Number of protein chains: 2
Amino acid sequence: MKRVTLAQVAEAAGVSVMTASYTYNRPARVSDDARARVLAAADRLGYAGPDPSARSLRRGSTRTLGVVLGEHLTYAFDDPQAVRFLAGIADVCAGAGYGMTILPITGADDDVPRVRAAAVDGFIVWTTADDDPVLAAVRSTKRPAVVHGGPAVAGLGLVSIDNRAAARAIGAVAFAGARRPAVVSFPLSRERISTVVRGPDPAPVLFPVTRERLEGYRDAADDLGLAWTDVTVAVCSRNDGAEAARLAAALFDATDPPDAVAAMGDLLAAGVLDAARAAGRAVPSQVAVTGWDDAAVAADLGLTTVAQSLRDQGAACARAALGATPARSAGPPAAPWSIVRRGSTR
Amino acid sequence: MKRVTLAQVAEAAGVSVMTASYTYNRPARVSDDARARVLAAADRLGYAGPDPSARSLRRGSTRTLGVVLGEHLTYAFDDPQAVRFLAGIADVCAGAGYGMTILPITGADDDVPRVRAAAVDGFIVWTTADDDPVLAAVRSTKRPAVVHGGPAVAGLGLVSIDNRAAARAIGAVAFAGARRPAVVSFPLSRERISTVVRGPDPAPVLFPVTRERLEGYRDAADDLGLAWTDVTVAVCSRNDGAEAARLAAALFDATDPPDAVAAMGDLLAAGVLDAARAAGRAVPSQVAVTGWDDAAVAADLGLTTVAQSLRDQGAACARAALGATPARSAGPPAAPWSIVRRGSTR
DNA sequence: CTGTTAGCGCGTTCAA
DNA sequence: TTGAACGCGCTAACAG
């Protein structure tokens with residue numbers, strides 16, 4: 001009773017192998033009698049159904065999608081938006097009878113081989129840096145693949161909102177009437193350095209989502225006649241409210257405290273609100289604050305923010321990756337977003 | 001250039017198939033010259049490495065672990081503890097060069113076939129109901145499998161803290177000096193009904209973790225000479241602070257408001273604290289409150305709670321599932337837990 | 001260090 | 001409706 005094969009079941013049932021196979025794959029094509037005999041024999045022998053690997057090899061499909069999550073998985077799972085995104089993928093996968101394999105990227109040398117060796121029909125890549133070697137590895141498999149957020153890679157699909165346009169729009173609301181705007185940003189480099197700079201050049205930023213949002217905020221400043229070089233950008237090492245609160249407290253403590261703060265995430269914005277309260281600065285009269293994502297916390301805090309559905313985007317990625325052809329068809333329509341105005345802005 | 005096989009690469013490189021195979025699997029066993037020729041040919045033909053399915057079939061292992069997540073995946077991902085658990089699994093998987101396949105249970109009929117058809121070497125099952133049919137499906141595959149939290153199933157491993165003992169211990173702290181203790185519980189049935197009852201019999205509760213915690217709280221009440229039948233149990237439909245706050249508000253509004261509340265999760269306890277504040281009841285002097293898990297929120301709020309590491313437990317599950325033999329060896333040592341006393345109790 | 005042989009377990013193909 | 005043969009792409013085992 002070590003390893004039972006379909007052939008053994010068929011023999012025990014007194015039918016051919018194919019009848020046994022049909023019993024599992026096309027039950028309707030087998031007589032009731034034969035099916036019953038096969039199932040009885042399987043039960044008797046402890047046969048748990050066709051071997052998944054053999055089946056995958058034979059039919060040329062694993063019925064599984066791979067999700068590449070960059071850097072530390074803990075961070076990915078700690079990000080509520082990433083979690084929503086995964087749930088969207090899972091919905092589509094479950095609906096299609098597909099599994100979902102998480103491929104954590106550790107930064108070690110074995111990332112690329114692990115991705116290449118993944119038994120999946122297609123890939124979904126959570127947003128990563130422009131020069132991430134995993135992107136090339138995914139492309140080299142020639143299987144359908146979709147990148148979320150960016151970077152855009154030839155041959156791979158892309159599902160994303162227009163981050164630059166959205167940042168420009170939310171920046172317009174955040175910075176309206178302001179004289180000393182500030183930005184709270186995600187990391188500018190893989191080193192995740194926490195720092196405060198003025199009007200950084202977005203171009204060298206390797207994370208496309210962060211780069212495009214910076215560009216959009218800069219557009220917004222330009223639109224309002226504000227000099228980007230005067231805009232303070234507080235860079236957080238992580239999407240973490242406590243760190244944003246610390247950095248924001250320093251900003252409010254300076255001689256020229258900001259009167260408008262646009263944050264790249266709702267959690268960061270929540271930290272800014274904390275710091276504003278602690279510094280005794282009224283929102284929005286003395287300082288306007290905006291977030292990003294329209295998470296639950298945004299509604300709780302009355303935060304003006306950018307709404308987007310990571311869940312829908314996850315689902316869109318999964319559908320594209322399930323499609324036979326690489327989702328390059330017709331250029332992916334950008335995902336929807338909108339500005340939600342609440343009390344944290346003027 | 002549709003589908004390139006190892007044999008084609010070998011031919012193009014002018015070597016045998018095995019030399020090509022070794023190039024990928026045992027590079028050291030191939031001469032530099034041969035290896036270079038193989039890799040050059042692979043590059044030329046656009047060969048992305050050995051086919052994962054064929055490799056799995058041949059060597060009898062998929063190098064992937066399956067994680068069965070019950071009910072709605074959104075709930076699972078929304079639960080910070082579940083997320084930590086997954087991160088612990090991912091760590092071990094990545095370290096062992098394994099992938100990690102999420103198997104969402106939807107409640108539909110295809111759950112069992114999907115689990116059976118999963119191409120994985122072993123299973124980790126997130127705590128579920130005693131009568132969950134997926135448990136039998138997992139066991140029938142005869143692959144190593146570990147259940148987290150419970151139920152205990154013959155032939156499957158179990159990784160869990162002793163929930164009853166922990167509940168008894170935290171209940172002793174929560175209920176000390178109290179006259180009208182209360183409990184805020186997870187759902188008692190799969191229907192997830194939100195309700196308030198008195199001293200419910202734990203026995204028929206199908207979720208083992210919830211059942212054992214109820215038993216432990218009852219033990220604690222017994223130890224203190226308090227009648228379990230007088231203990232109010234507010235049952236939340238989800239692990240959600242807002243719902244706990246609503247139920248707790250009703251309790252505080254009653255003629256015999258509780259002077260001690262033991263909650264099965266820190267988020268629930270946070271909701272209770274909110275409700276206590278709103279009702280003008282001082283913590284801990286008028287009402288003691290305890291949580292469970294020692295999440296970040298517990299430290300923030302000064303909550304006395306049960307500390308356990310879901311991350312470590314996830315890692316332990318993964319290691320057990322990676323072990324060749326079903327983790328029944330020697331009876332799994334229970335995972336560690338401890339009581340963390342903070343200001344929310346007397 | 002390299003090559004030959006022999007399947008892993010299943011499902012598509014074609015015939016009965 | 002059922003059966004027989006074949007091979008999916010790869011690698012363990014064993015020569016040479």
Side-chain angles (χ1 to χ4, degrees), chain A residues 1-39 41-42 45-63 113 116-121 141-143, chain B residues 1-39 41-42 45-63 113 116-121 141-143:
Chain A
M1 188 167 163
K2 200 58 197 300
R3 182 163 217 84
V4 188
T5 72
L6 191 56
Q8 293 168 34
V9 172
E11 187 181 350
V15 299
S16 82
V17 186
M18 275 324 297
T19 301
S21 177
Y22 283 141
T23 299
Y24 288 96
N25 296 300
R26 307 275 234 270
R29 275 166 80 147
V30 172
S31 66
D32 292 350
D33 176 56
R35 185 169 52 237
R37 295 225 310 279
V38 170
L39 293 176
L45 298 179
Y47 179 72
D51 179 88
S53 297
R55 200 200 269 244
S56 295
L57 173 60
R58 183 56 241 212
R59 76 177 164 216
S61 153
T62 60
R63 302 275 160 104
R116 275 213 234 258
V120 300
D121 290 351
T141 66
K142 295 182 194 158
R143 296 192 276 253
Chain B
M1 188 168 164
K2 201 58 198 300
R3 183 162 216 83
V4 188
T5 72
L6 191 56
Q8 292 168 33
V9 172
E11 188 181 349
V15 300
S16 81
V17 188
M18 274 322 296
T19 301
S21 178
Y22 283 141
T23 299
Y24 288 96
N25 296 298
R26 309 280 243 275
R29 275 168 78 150
V30 172
S31 68
D32 291 351
D33 177 56
R35 185 169 53 239
R37 294 224 312 277
V38 169
L39 292 177
L45 298 179
Y47 179 72
D51 179 88
S53 296
R55 199 198 270 238
S56 297
L57 173 61
R58 180 59 242 216
R59 76 179 162 214
S61 153
T62 61
R63 303 274 161 104
R116 275 211 233 257
V120 301
D121 290 351
T141 66
K142 294 181 194 158
R143 297 193 275 255

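Here is how names work: the chains are called A, B, and so on, in the same order as the sequence lines, proteins then strands, and each is numbered from 1. Worth saying up front: this structure is predicted, and the values here are computed from it rather than measured.
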Check your understanding: Within the distance-only criterion (no hydrogens, no angle test), does the side chain of A:T141 pair as donor or acceptor with the backbone N or O of A:R116 below 3.5 angstrom?
Key ->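 Not at all, since once roles are kept as given, no pair shorter than 3.5 Å links the two residues.
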Check your understanding: Is the distance from OP1 or OP2 of D:dC10 to the nearest side-chain N or O of B:S21 less than 4.0 Å?
Key -> no
Check your understanding: For B:S31 and C:dC1, is the shortest distance between a side-chain N/O and OP1 or OP2 below 4.0 Å?
Key -> no
Round to the nearest Å and state the distance from [X] atom [atom1] to [N] atom [atom2].
X: B:R26; N: C:dG3; atom1: CZ; atom2: P; result: 17 Å
X: A:Q8; N: C:dC10; atom1: CD; atom2: P; result: 9 Å
X: A:Y24; N: C:dG9; atom1: OH; atom2: P; result: 15 Å
X: A:R35; N: D:dT2; atom1: CZ; atom2: P; result: 10 Å
X: B:R37; N: C:dC1; atom1: CZ; atom2: C1'; result: 13 Å
X: A:R59; N: D:dC6; atom1: CZ; atom2: P; result: 25 Å
X: A:R58; N: D:dA5; atom1: CZ; atom2: C1'; result: 11 Å
X: B:E11; N: C:dG3; atom1: CD; atom2: P; result: 13 Å

Determine the contact category for [X]: base if any of its heavy atoms lies under 4.0 Å from a base atom, sugar-phosphate if only primed atoms, P, OP1 or OP2 are that close, otherwise nothing.
X: A:Y47; value: sugar-phosphate
X: A:L57; value: base
X: B:V17; value: base

Exercise for review: Mark yes when over 12 heavy atoms from residues, nucleotides or ligands other than B:Q8 sit less than 6.0 Å from its CD; otherwise mark no.
Suggested key: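 Yes.
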Of all the nucleotides listed ([options]), which has the minimum atom distance to the side chain of [X]?
X: B:L6; options: D:dT2, C:dT2, D:dC10; value: D:dC10
X: B:M18; options: D:dT11, C:dC10, D:dT2; value: D:dT11
X: A:D51; options: C:dT4, D:dC10, C:dC10; value: C:dC10
X: A:T19; options: C:dT2, D:dG3, D:dT11; value: D:dG3
X: B:T5; options: C:dG3, D:dA4, D:dC10; value: D:dC10

Which heavy atom in [X] sits nearest to a heavy atom in [Y], and how many Å separate them?
X: B:S56; Y: B:T62; result: OG-CA, 3.6 Å
X: A:T5; Y: A:Y47; result: C-CE1, 3.8 Å
X: A:A13; Y: A:V38; result: CB-CA, 3.8 Å

Exercise for review: Assess whether one donor atom and one acceptor atom, taken from the side chain of A:R55 and the base of C:dG11, lie less than 3.5 Å apart.
Suggested key: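 No.
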Review point. Relative to the 5' end of DNA chain D, which residue comes earlier, A:A34 or B:Y22, by the nucleotide with the nearest heavy atom?
Key: A:A34
